[in-house]
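In what follows, residues are counted from 1 in the order of the sequence shown.
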Amino acid sequence: NSRYGLDFLPNSPCLMNAGSIGGLKLLSACFVQIPDDSLDSIMQHAWWSAKLFQAGAGVGYNFSRLRGEGEMIRSSQRPSSGATSFMKNIFNSVGDVVKQGGRRRAAMMGLLNDDHPELEKFVNFKNEENSLENFNISIFSSDKFMKAIAGNKDWNLLERNSGNISKKVNAKDLFNSMIANNKKMAEPGMIWRDAINAHNPILKTMGEIECTNPCGEATLYNHENCCLGSVNLVNHVSNGQIDWEALERTIRIGIRFLDNVVDANEHVDPVFAKASLSTRRIGLGVTGFADILVMLDSVYGSQSSLDIAYEIAVFMNQTACDESRQLAYIKGNYPLWEGSWHQSAGLPMRNVSLLAIAPEGSRSLISNTSASIEPNFGREITRTSKGIGAGTWKHPLADNPKFVTTYEVSLDQHIKMQAAWQNAMNVNKVGQSISKTNNAPRGTSESELAEAYIEAWSLGCKGLTTYVDGSRDSVYYEK
């Protein structure tokens with residue numbers, strides 16, 4: 001009933017593939033692949049990518065295990081074409097020709113570690129429009145790199161084979177180059193590996209998480225996937241108050257639903273099934289947050305809105321954890337629970353993680369709400385649907401004085417909102433990350449963008465994406 005009343009909705013593959021006739025019933029939207037430095041591994045992961053795209057999934061990659069351009073290949077004693085070459089000519093090409101489930105262009109994330117010898121090339125990879133159009137790209141950054149930026153220190157890029165210094169660069173100069181391209185093309189962004197792994201409950205037994213899904217909200221091990229869903233917050237506000245009892249009921253339903261999806265899921269290869277079943281990772285998020293702020297007489301970006309965000313996120317965390325514990329008593333802990341932080345804390349858990357804030361594009365359209373934790377983009381928007389045409393839609397709350405649009409929210413307020421959600425999600429080490437576009441007005445300077453990335457890192461965000469109004473000709477912007 002929660003699904004039909006749109007209180008809770010699962011991710012798009014559940015909606016598209018569950019109950020379909022013929023074909024693979026893949027029910028997860030996001031996967032991770034980290035190819036090793038061999039041709040066999042690279043091509044195996046490219047083949048898996050094609051099968052995942054065909055089934056309707058997106059894939060995040062970390063290419064940092066691949067040697068840099070010019071490093072010698074032992075078997076042939078010839079120089080490698082490099083990680084970025086394989087990224088562009090193999091993986092991006094696979095995404096070009098194989099649509100997600102035949103319905104939409106493949107979604108891909110490309111990460112490169114901050115010490116990879118091709119990092120300078122990677123940072124400038126998308127400074128031309130339509131270059132690597134299937135990929136979002138981000139630097140997978142360490143605290144050490146961020147501190148080197150702050151201290152204006154030299155930074156070593158390291159060969160993959162030997163670990164020797166490939167090149168010594170200035171960390172701040174490299175960061176400023178990233179910022180310049182980010183202002184122009186909204187990429188690359190940054191994802192912070194230490195913030196991710198500080199809240200990774202199986203770090204001691206499984207090592208570091210090295211990658212995310214295409215939008216950055218799911219933090220995953222190699223071949224792992226995450227089943228996503230969202231709570232429609234608008235349906236849980238009545239007469240200017242949050243209905244906490246109804247919200248608790250929907251959260252519990254969502255956790256049980258997504259845990260069942262882990263078992264019902266069909267995979268393109270047993271390696272993905274094994275990774276999924278070992279952690280039983282799920283990610284419950286929200287949609288309609290900006291709308292309920294208006295309903296609660298709060299303005300997006302204000303201190304009261306941050307307080308509401310934190311309160312809801314803490315409540316979701318506590319309720320989701322309790323439901324996962326109840327499932328663990330009945331069905332057992334996730335297989336990697338022994339030796340985990342959860343075990344040491346005395347917390348039986350059915351799932352290694354429970355929360356993730358996804359973009360919610362499709363689910364917000366279905367439920368007719370603002371997307372995820374984002375502000376509303378405009379008071380009136382034009383939507384174009386295939387086979388239907390274009391139509392203008394005015395938000396029903398648009399005339400309320402508390403209603404604000406994304407460019408009426410400062411970049412600082414965007415980041416503080418992301419941090420409020422993230423810090424509440426981190427409790428009990430069950431929160432993954434947040435996919436959020438932090439919009440900045442036309443004319444935002446590079447120094448302001450640089451300050452935003454430093455601020456987001458210092459506040460504990462696990463990643464940051466920024467978009468300066470008008471920076472891409474192909475993206476709609478306000479006039």
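The two atoms that bring Ser305 and Met417 nearest to each other are OG-CE, 3.4 Å, heavy atoms only. Glu187 and Asn136 get closest at one heavy-atom pair: OE1-CA, 3.0 Å. Nearest approach of Glu374 to Ser435, heavy atoms of both residues: OE2-O, 4.4 Å. Across every non-hydrogen atom of Thr405 and Arg379, the tightest pair is CG2-NH1, 3.4 Å.
For the pair Cys226/Leu220, a side-chain contact is recorded, criterion being any heavy-atom separation below 4.5 Å from C-beta on. With contacts defined as side-chain heavy-atom distances shorter than 4.5 Å, the pair Met109/Thr212 qualifies. Two residues are said to be in side-chain contact when any heavy atoms from C-beta on lie closer than 4.5 Å; Leu111 and Ile137 fail this criterion. Taking 4.5 Å as the limit, some side-chain heavy atom of Asn232 sits within range of a side-chain heavy atom of Thr369. Counting heavy atoms from C-beta on, the side chains of Ile366 and Leu9 come closer than 4.5 Å.
Under the side-chain hydrogen bond (donor to acceptor under 3.5 Å, both in side chains) criterion, Asp243 pairs with no residue at all, not counting sequence neighbours. Under the side-chain hydrogen bond (donor to acceptor under 3.5 Å, both in side chains) criterion, Arg256 pairs with Glu323, not counting sequence neighbours.
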For this session: Verify ring pair (Phe, Tyr, Trp, His ring centres under 6.0 Å) between Phe122 and Phe63, making sure each step is shown before the conclusion.
Result: CA-CA 11 Å; Phe122 180 79; Phe63 294 100; 8.4 Å; no
For this session: Applying salt bridge (Lys or Arg N to Asp or Glu O under 4.0 Å), run through Arg252 and Asp322 and close with a yes or a no.
Result: CA-CA 9 Å; Arg252 292 184 183 278; Asp322 184 68; 2.8 Å; yes
For this session: Report the C-alpha distance between Asp263 and Arg280 in whole Å, list the side-chain angles of each, state the deciding distance to 0.1 Å, and finish with yes or no for salt bridge (Lys or Arg N to Asp or Glu O under 4.0 Å).
Result: CA-CA 9 Å; Asp263 293 313; Arg280 307 192 64 84; 2.8 Å; yes
Problem set entry | Check against salt bridge (Lys or Arg N to Asp or Glu O under 4.0 Å), Lys126 and Glu133 | CA-CA 8 Å; Lys126 297 194 74 169; Glu133 61 182 7; over 6 Å; no
Problem set entry | side chain to side chain donor-acceptor pair (under 3.5 Å) evaluation trace for His395 with Asp291 | CA-CA 10 Å; His395 198 290; Asp291 291 346; 2.8 Å; yes
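Annotation: the span from Tyr61 atom OH to Leu66 atom CG amounts to 12.0 Å, rounded to 0.5 Å.
Tyr453 and Phe175 have perpendicular rings, their planes meeting at more than 60° on a 0 to 90° scale where under 30° would count as parallel.
The pair Lys416-Asp412 counts as a salt bridge, with a side-chain nitrogen and a carboxylate oxygen less than 4.0 angstrom apart. Salt bridge absent: Asp269 and Lys51 never bring a charged side-chain N and a carboxylate O closer than 4.0 Å.
With hydrogens and angles left out, the side-chain atoms of Thr84 and Glu118 include a donor and acceptor closer than 3.5 Å. Between the side chains of His414 and Lys436, a donor-acceptor pair is found at a separation under 3.5 Å. Looking only at atom types and distance, the side chain of Trp341 has no donor-acceptor partner in the side chain of Asn200 under 3.5 Å away.
Summarising the local packing, NZ of Lys144 is surrounded by 12 or fewer heavy atoms from other residues, nucleotides or ligands at distances under 6.0 Å.
Of the residues Ser142, Cys211, Ser141, the one that meets the side-chain contact (heavy atoms from CB on, under 4.5 Å) test with Arg193 is Ser142.
Sorted by first then second residue, the ring pair (Phe, Tyr, Trp, His ring centres under 6.0 Å) pairs that include residues 203-235, not counting sequence neighbours, are His45-His223, Trp48-His223, His223-Phe272.
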